[in-house]
Amino acid sequence: MFKGFLNESILKKAQGKGVITIKIHDIRDYSEDKHRKVDDTPYGGGAGMVFTPQPLFDCIEAVKKKAPKAPVIYMTPKGQRLTQTKVEKLSIKFTQLILLCGHYEGIDQRVIDALVDQEISIGDYVLSGGELAAMVMVDAISRLVPGAIGKEASHEEETFSKKLGRKKEYPHYTKPAEFRGMKVPEVLLNGHHAEIEKWRKNHCK
Ligand code: 6GU
């Protein structure tokens, strides 16, 4: 399910330029079970299945060998909420990340206790798997990597940036100055830089 996403324009270009590298690891490939089983029923009963420790330990340990300094981040709705501030911190602090995607009801707690450094959620709702959440992380972090987005796009004045007080960005307009009777605010047309700056500041939400 990562294929389409990774082949999408920005991430594909960034990977093509060698600015970012994304590797997918299938936990089933690490299962010692002959049917490549990776889950089992929960101790104590209850619905759903739980990822067993063996394939996860082997997979994470193998990936950690290749990326020893990377934190292991478990994508779970129980985790700390992802914000732009958090995205910036991760992109500055680390050059590599190991993202662990759960499924079913969860993963054996011993994996979390022994190998997971951080637990991150992308919002207060439940997805059927961590893959979509991991893709959200990859997209948000990748676009901050220098050279990932064309023409050194500035992140300084975008929505949730520090400069805009972590607020939502001001409205944008382009030509024509009038469309179907709807006019672009006069102040943006007069080229008065200080006034434009003031208008933009006042129109952040
Ligand atoms: Cl990280 N995983 C899942 N399964 N659901 C979520 C989530 C993550 N963040 C919000 N909902």
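In each ligand, atom 1 is the first atom listed, and ligand 1 is the first ligand listed. Keep in mind that what you see is a predicted model, and the values were worked out from it rather than measured. Residue numbers count from 1 along this sequence.
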Side chain to side chain contact (heavy atoms under 4.5 Å, CB included) between I107 and T76, worked out: CA-CA 10 Å; I107 68 176; T76 165; over 6 Å; no

Sequence neighbours excluded - salt bridge (Lys or Arg N to Asp or Glu O under 4.0 Å) pairs with any residue from residues 187-197: none

What does the contact table look like for ligand 1 (nitrogen or oxygen on each side, cut-off under 3.5 Å)?
from     : atom 1 : to   : atom 2 : distance (Å)
ligand 1 : 4 (N)  : L127 : O      : 3.0
ligand 1 : 5 (N)  : L127 : N      : 3.0
ligand 1 : 9 (N)  : S121 : OG     : 3.3
ligand 1 : 9 (N)  : I122 : N      : 2.9
ligand 1 : 11 (N) : Y125 : O      : 2.5

Contacts of type salt bridge (charged side-chain N to carboxylate O under 4.0 Å, His left out), residue D124, not counting sequence neighbours: R81

All ring-ring contact (aromatic ring centres under 6.0 Å, His included) counterparts of Y30, not counting sequence neighbours: none

Side chain D117, main chain V72, donor-acceptor under 3.5 Å: yes

Contact summary for G79 and S121, nearest pair of heavy atoms: O-CB, 3.6 Å

